[in-house]
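Values in this document were obtained by computation on a predicted structure and should not be read as measured data. In what follows, every heavy atom counts, from backbone to side chain, and hydrogens, waters and symmetry copies are set aside.
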Amino acid sequence: MTAIIENNLLTYSGSNYLKQRLVLATLSGKAVRINNIRSEHDAPGLRDYEASLIRLLDKITNGTKIEITESGTSLYYRPGLLDGGSVQHNCNVDRGIGYYLDVLIALGPFCKVPLNATLKGVTNSSDSPSVDYIKSSALQTLKKFLVVDDGLELKIKQRGLKPLGGGEIVFKCPVRKNLRAIQFEKPGMVKRIRGTVYASKVSPAFANRTIEAAKGVLLNFLPDIYLYSDQTKGKQAGNSPGFGINLVAETTDGVFYSTDVVSNAVSSGQDPSIPEDLGVAAAHKLLEEIYRGGCVDSSFQWLVALFMALAQKDVSKFLVGPFTGYTIHFLQHLREFFSITFKLDNPKREIDEDEDDDCLPGAKKVLMTCIGIGYVNMNKRTN
């Protein structure tokens with residue numbers, strides 16, 4: 001729904017894309033009011049994981065004002081200054097740590113002091129990007145916009161799966177005065193595939209069977225494949241049993257496509273996951289990401305759009321695959337918070353005369369072009 005803008009206050013209705021709105025409000029310094037949050041649901045108001053995200057934003061900022069009605073159906077958020085520093089947060093186990101972590105990746109470079117965040121909860125879940133996924137994809141995207149990536153680190157100390165979690169990660173992010181403009185139009189060809197198969201509180205045979213199934217599909221397309229087995233037990237395995245697989249395809253031009261599949265939680269009511277099915281599903285999802293193409297995988301198109309918009313006042317170009325619905329709404333929100341629009345093209349490739357197809361291989365691509373607003377980190381210490 002389009003925002004109503006009055007006196008530097010943006011008013012929205014509904015709970016959709018709440019995270020997008022809070023991130024952009026924090027960066028733009030604009031207050032936002034969100035009404036009718038699930039007002040017609042049997043359980044109206046903010047969910048526990050959304051309230052947990054708001055508490056995390058409060059921890060990394062200074063001077064933020066938050067007002068929530070007693071029913072939880074209306075939220076007023078006026079952001080303070082991004083402070084950063086050392087933060088510890090227990091994430092709600094209804095969502096994976098990835099739900100909170102990608103917010104920190106978006107905000108981290110613009111803090112006053114380098115961010116050192118310890119997050120506890122569910123490291124791998126089907127409803128949020130896994131920590132492995134973010135490490136192999138989102139961090140690679142952030143590195144492209146940072147002039148120097150010294151101090152950027154994501155470490156998994158303990159794994160934790162649904163429903164009880166018990167995982168722990170540490171994320172460190174350096175601060176920058178501004179981000180560089182970037183032109184990235186050639187994804188290159190996939191040259192190798194790497195992956196991690198994790199198993200917590202289950203037999204190591206589950207990991208081995210998953211590896212064999214995934215390789216059985218991928219070896220039909222590429223010979224350079226190596227999958228690593230990460231078997232954890234005891235405290236390192238968290239509080240719930242389960243297993244999953246993260247696959248990463250790297251291209252000749254330094255583009256990373258990633259995907260993640262995790263077993264069904266014990267309490268989900270679904271049938272138990274079969275390792276062979278999990279491995280095949282992950283391989284097919286990775287091949288779909290490769291088919292979609294572009295210079296970033298589909299889950300983090302929005303992150304590229306954000307960094308392009310905030311970059312130096314120069315032309316940025318970035319080739320992506322077909323837009324996801326999440327990305328389309330994020331571009332709309334960027335226009336409302338920062339008054340910036342993108343030029344979108346369907347690029348062609350040079351072809352031989354005997355070729356019939358004049359499109360880039362795979363799905364139709366989108367070339368995003370914009371001139372950055374020259375966002376300057378005013379919070380960064382000058383000493």
Side-chain angles (χ1 to χ4, degrees), residues 19-20 23-24 26-27 56-57 60 82 84-85 87 96-119 128-156 169-185 187 246 248-251 253-260 289 294-312 314 316-321 324 326-327 330 334 338 368 370 372-377 379-380:
K19 185 165 69 170
Q20 288 187 11
V23 168
L24 292 174
T26 304
L27 288 169
L56 176 60
L57 289 170
I60 64 173
L82 274 168
V87 176
I97 288 177
Y99 177 79
Y100 308 85
L101 184 56
D102 55 13
V103 170
L104 297 184
I105 291 174
L107 301 178
F110 308 105
C111 290
K112 179 179 179 180
V113 295
L115 188 63
N116 184 354
T118 300
L119 303 181
S128 306
S130 74
V131 177
D132 302 86
Y133 193 162
I134 290 175
K135 186 174 183 178
S136 58
S137 182
L139 255 59
Q140 302 297 333
T141 300
L142 177 56
K143 286 179 181 179
K144 292 179 173 66
F145 289 89
L146 297 177
V147 179
V148 180
D149 61 6
D150 290 347
L152 183 63
E153 180 186 353
L154 176 56
K155 185 177 181 181
I156 304 172
I169 64 106
V170 175
F171 173 63
K172 298 179 181 179
C173 183
V175 295
R176 294 289 180 267
K177 185 176 180 181
N178 46 40
L179 300 178
R180 67 174 180 178
I182 189 173
Q183 298 194 6
F184 205 167
E185 303 176 51
N246 172 254
V248 186
E250 182 182 354
T251 74
D253 286 348
V255 174
F256 294 85
Y257 303 119
S258 186
T259 189
D260 194 271
E289 275 302 334
C295 298
V296 65
D297 61 29
S298 56
S299 296
F300 294 105
Q301 292 172 348
W302 68 272
L303 197 62
V304 167
L306 174 65
F307 291 152
M308 286 176 67
L310 300 183
Q312 296 168 336
D314 200 353
S316 287
K317 293 184 178 182
F318 212 98
L319 185 73
V320 300
T324 63
Y326 194 86
T327 304
F330 191 81
L334 272 175
F338 288 103
M368 304 169 61
C370 79
I373 64 172
Y375 187 88
V376 177
N377 182 3
N379 304 313
K380 184 177 183 293

J.: If we only count heavy atoms from C-beta on, is the Leu139 to Phe171 side-chain gap below 4.5 Å?
T.: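 Leu139 vs Phe171: side chains touch.
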J.: Hey, are the side chains of Gln20 and Trp302 touching, using non-hydrogen atoms and a 4.5 Å cut-off?
T.: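 SC-SC contact between Gln20 and Trp302 ruled out.
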J.: Where is the tightest heavy-atom contact between Asp102 and Ile134, given as atom of each residue plus distance?
T.: N-CD1, 4.3 Å
J.: Could you check if a side-chain atom of Leu310 sits within less than 4.5 angstrom of a side-chain atom of Ile373, using non-hydrogen atoms only?
T.: yes
J.: My understanding is that only residues two or more places apart in sequence, or in another chain, count here; which of them pass side-chain contact (heavy atoms from CB on, under 4.5 Å) with Lys317?
T.: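 If we apply the side-chain contact (heavy atoms from CB on, under 4.5 Å) test to Lys317, skipping adjacent residues, the hits are Gln183, Glu185, Val315, Leu367, Thr369.
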J.: Hey, what do you get for CD (Gln312) to NZ (Lys177), rounding to the nearest 0.5 Å?
T.: 10.5 Å
J.: With side-chain contact (heavy atoms from CB on, under 4.5 Å) as the test, pick out the partner of Cys173 among Leu152, Leu104, Leu146.
T.: Leu152
J.: Using a 3.5 Å distance criterion without hydrogens, assess whether the side chain of Gln301 forms a donor-acceptor pair with backbone atoms of Thr324.
T.: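 Confirmed, Gln301 side chain pairs with Thr324 backbone.
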J.: Partners of Lys155 by salt bridge (Lys or Arg N to Asp or Glu O under 4.0 Å), sequence neighbours excluded?
T.: none
J.: Are Ile60 and Leu107 close enough that some pair of their side-chain heavy atoms sits under 4.5 Å apart?
T.: yes
J.: State which residues pass ring-ring contact (aromatic ring centres under 6.0 Å, His included) with Phe307; sequence neighbours excluded, sorted by chain then number.
T.: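 Phe307 satisfies ring-ring contact (aromatic ring centres under 6.0 Å, His included) with Phe145 only.
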J.: Considering non-hydrogen atoms only, spot the tightest contact between Gly108 and Val175 and give its length.
T.: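 So the minimum-distance heavy-atom pair works out to O-CG1, 4.0 Å.
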J.: Which residue, Asn246, Thr259, Asp297, forms the side chain to side chain donor-acceptor pair (under 3.5 Å) with Ser137?
T.: Asp297
J.: Minimum heavy-atom separation for Leu306 to Ala106, with atom names?
T.: CD2-CB, 3.7 Å
J.: Just to verify, what does Asp132 make a salt bridge (Lys or Arg N to Asp or Glu O under 4.0 Å) with, not counting sequence neighbours?
T.: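 With sequence neighbours excluded, Asp132 shows a salt bridge (Lys or Arg N to Asp or Glu O under 4.0 Å) to Arg159, given in chain and number order.
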J.: If every non-hydrogen atom of Val248 is compared with every non-hydrogen atom of Ser136, which pair is closest and at what distance?
T.: CG2-CB, 3.4 Å
J.: Between Asn377 (side chain only) and Cys111 (backbone N and O only), is there a donor and an acceptor less than 3.5 Å apart?
T.: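 A pair under 3.5 Å: yes.
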J.: Just how far is it from atom CG of Leu154 to atom CG of Leu101, taken to the nearest 0.5 Å?
T.: 5.5 Å
J.: Would you say Ser258 and Glu289 are linked by a side-chain donor-acceptor pair, where the criterion is simply a distance under 3.5 Å?
T.: no
J.: Can you tell me if Ser128 uses its side chain to pair, donor with acceptor, with the backbone of Gly98 under 3.5 Å?
T.: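 The answer is no, because no donor-acceptor pair under 3.5 Å joins these two groups.
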J.: For a quick test of reading the model, state the closest non-hydrogen atom pair linking Ala311 to Arg180 and the distance between them.
T.: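 For Ala311 versus Arg180, the nearest heavy atoms are CB-O, 3.6 Å.
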J.: Going by heavy atoms in the side chains, are Tyr326 and Lys19 under 4.5 Å from each other?
T.: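 Yes, side chains in contact.
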J.: Do the side chains of Ile182 and Val304 get nearer than 4.5 Å, heavy atoms only?
T.: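 Side chain of Val304 against side chain of Ile182, heavy atoms only: no contact under 4.5 Å found.
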J.: Return the CZ to CG distance between Phe110 and Asn178, rounded to the nearest 0.5 Å.
T.: 9.0 Å
J.: Please enumerate all residues that pass ring-ring contact (aromatic ring centres under 6.0 Å, His included) together with Phe256, with sequence neighbours excluded.
T.: none
J.: Begin from the C-alpha positions of Val255 and Phe184 and carry the test side chain to side chain contact (heavy atoms under 4.5 Å, CB included) through to its verdict.
T.: CA-CA 10 Å; Val255 174; Phe184 205 167; 3.7 Å; yes
J.: Find the distance between CE (Met368) and CG (Leu319) and round it off to the nearest 0.5 Å.
T.: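 Going from CE on Met368 over to CG on Leu319, the span is 10.5 Å.
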J.: Taking only residues two or more places apart in sequence, or in another chain, which ones meet Phe338 in a ring-ring contact (aromatic ring centres under 6.0 Å, His included)?
T.: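 Here no residue qualifies.
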J.: Taking all non-hydrogen atoms of both residues into account, name the closest pair between Tyr257 and Gly294 and its distance.
T.: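 Nearest heavy atoms, Tyr257 then Gly294: OH-O, 2.5 Å.
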J.: How long is the straight-line distance from CG of Asn116 back to CD of Glu153, given to the nearest 0.5 Å?
T.: 8.5 Å
J.: State, with a plain yes or no, whether a side-chain heavy atom of Pro174 is found less than 4.5 Å away from one of Pro114.
T.: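 Side chain of Pro174 against side chain of Pro114, heavy atoms only: no contact under 4.5 Å found.
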J.: Can you check whether Leu27's main-chain N or O pairs, donor with acceptor, with Tyr375's side chain at less than 3.5 Å?
T.: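 It does hold such a pair.
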